2 protein chains.
Amino acid sequence: MKDCSQCIVRNRAICAGLETAELELLGRLGRKHKVSKGQTIFWEGDDAVVVANVIEGVLKVSISMSDGREQIVGIVFSSDFIGRPFGQQSPYSVTALTDAELCVFPRSTFDSFARQHPELEHKLLRRTLNELDRAHAWMLLLGKKNATERIATLLLEMSVRLGETGCTVDNGALDAFELPLDRRQIGDVLGLTIETVSRQFSKLKADGVIHLPDRRTVSIRDRARLQYLSAAA
Amino acid sequence: MKDCSQCIVRNRAICAGLETAELELLGRLGRKHKVSKGQTIFWEGDDAVVVANVIEGVLKVSISMSDGREQIVGIVFSSDFIGRPFGQQSPYSVTALTDAELCVFPRSTFDSFARQHPELEHKLLRRTLNELDRAHAWMLLLGKKNATERIATLLLEMSVRLGETGCTVDNGALDAFELPLDRRQIGDVLGLTIETVSRQFSKLKADGVIHLPDRRTVSIRDRARLQYLSAAA
DNA sequence: CGATGTCTTGAGTCCCGTCAATGCACGTGG
DNA sequence: CCACGTGCATTGACGGGACTCAAGACATCG
């Protein structure tokens, strides 16, 4: 890699806070890699050959059943980390939802580098703990919320996460944004069918809570109401 | 703490693999603490004052909504770790399902000890990564599986996890075991109601897949069929 | 202007949730 | 010992919310 100090996710990826020397070392291990929309980076069950930082783009993390049913267990954005360190097989698939750019490391190389640099492992631990919290919140959604609540929750979540994509660390929630997911994928995140998703969108639109200029774009008209509908604490 | 080297979870908790000196240091920070069935160790949203190792017993990890709906996001057993290191508030509640014994550490003390002992943080990271994998598998269950598949999956999971509770590291799956959960709690793990859980149990019993000597005891009669019903890969 | 893929909408069905009654084990007190 | 209350669990009847199946709308692209 040329120069990590110029990387646009420099301040938000796990690399943040590394000493200049460490950063340079790590940089030599990684390679930038572009992937295009729809491409799968690695498959569930395959040998875990690589891990990566997401420099730019949006990707889905999913697991599936033998009969084809698929659950999306995470959406990853710029500066997020993907792959399974310290594991033989990848427990999930990762697929690009938009064109994306990654900073890819061979897993075994990354593993040993991490073991020698506690600061990096610490960053990774904090990140994993946060992901676990998010997974728990999503289990509540999947186990207990109805269709309306699920959709409302997703829209609010997307408006926040897509708003964090800038260079600085904290930005506000967006009131208009483009969904990186099609209707089927939204269903696979929320544990709903494509038709139910569509009906809920239509209903929210009819009620004036959101506006849908086109299939992928959402504009939040009444955030307070959306928050109420999401049944958040 | 008296002597960690004699601890029954010595080889399986995060303490495993620590140097004797480190172990002794850590031991001085913790205190053994008994809790009785039904008691809540800490509440979702409260200040995260402590973390702990589970020495003995079974506990539930849960999060809930303002209207009372509750999702159990994890069941923890002997040698598991509970609490949220490096976080201000606890993102979940932890409640004892059986009488239990914990090895409790003040969180801030534990945090700084961990930061000074990379080996411990590494253990914690591996553990958290495994928990995340398990959470993902459960999201698939909650998002895509039907009632029968959910019950079958839970029974198989419990038969494995309860079988791991010995002193050695790997034991086989149990064919008969006592559920540490009542029907409501099973529902809260699986995203089902108490009645649906009961009906599924009755059906599995009628089909000869399991036997139910009493409300809490399960005996697996046809593990292959149960595996098939769980729709596992 | 069709061809194609995605989304929306409608009609009907079914699985699971809801509500309610009953069963069963256990404890307590008469 | 039995009557009674209490807490779970089971079972039944019923309804509704989401799924299924199918048709139609809409956008994009050759």
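We name chains A, B, ... by the order of the sequence lines, and we start the count at 1 in each one. Because the structure is a prediction, the values reported are computed rather than measured.
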Checklist outcome for this item: Rounded to whole Å, the CD-C1' distance (E195(B) to dA13(D)) equals 13 Å
Checklist entry - What does D214(A) touch in the nucleic acid at a heavy-atom separation under 4.0 angstrom: a base, only the sugar-phosphate, or nothing? => result nothing
Checklist entry - Salt bridge or not for D80(A) and R161(A), using N-O below 4.0 Å? => result yes
Next on the checklist: Classify G187(A) by what it touches in the nucleic acid, base, sugar-phosphate, or nothing, heavy-atom distance under 4.0 Å.
Outcome noted: nothing
Item to check | Between P of dC16(C) and CD1 of I194(B), the distance in whole Å | outcome: 17 Å
Checklist entry - Given atom CG of L192(A) and atom C1' of dG17(D), what is their separation to the nearest angstrom? => result 11 Å
Next on the checklist: I need the R69(A) CZ to L140(B) CG distance, nearest 0.5 Å.
Outcome noted: 8.0 Å
Next on the checklist: Taking only side-chain N and O atoms of R215(A), does any of them lie within less than 4.0 angstrom of OP1 or OP2 on dA27(D)?
Outcome noted: no
Checklist entry - Between T196(A) and dA18(D), is there a side-chain N or O to OP1/OP2 distance below 4.0 Å? => result no
Item to check | Between CE on residue M158(B) and CD on residue E178(B), distance to nearest 0.5 Å | outcome: 10.5 Å
Item to check | Value in whole Å for how far the C1' atom of dT8(C) lies from NZ of K203(A) | outcome: 16 Å
Checklist outcome for this item: Testing dC7(C), dT10(D), dA18(D) for proximity to the side chain of R183(B), the answer is dT10(D)
Checklist entry - Per the atom types in the model, does the base of dT20(D) pair as donor or acceptor with the side chain of R199(A) at under 3.5 Å? => result yes
Checklist entry - Reckon S198(A) touches a base, only the sugar-phosphate, or nothing at all at heavy-atom distances under 4.0 Å? => result base
Checklist entry - Rounded to whole angstroms, how far apart are NZ on K145(A) and C1' on dA18(D)? => result 18 Å
Next on the checklist: Whole angstroms only, please: what is the CZ-C1' distance between F201(B) and dC8(D)?
Outcome noted: 14 Å
Item to check | Spacing between L141(A) atom CG and dA18(D) atom P, to the nearest angstrom | outcome: 12 Å
Checklist entry - When you measure from the side chain of R150(B) to the backbone N and O of K145(B), does any donor-acceptor pair fall under 3.5 Å? => result yes
Next on the checklist: Under 6.0 Å between ring centres: does that hold for F81(B) and F110(B)?
Outcome noted: yes
Checklist entry - Could you state the CZ-C1' distance from R216(A) to dG5(C), rounded to the nearest angstrom? => result 12 Å
Item to check | Among dC19(D), dG17(C), dT8(C), the nucleotide that comes nearest once only the side chain of S202(A) is considered | outcome: dT8(C)
Item to check | N or O in side chain of T193(A) less than 4.0 angstrom from dT20(D) OP1/OP2 | outcome: no
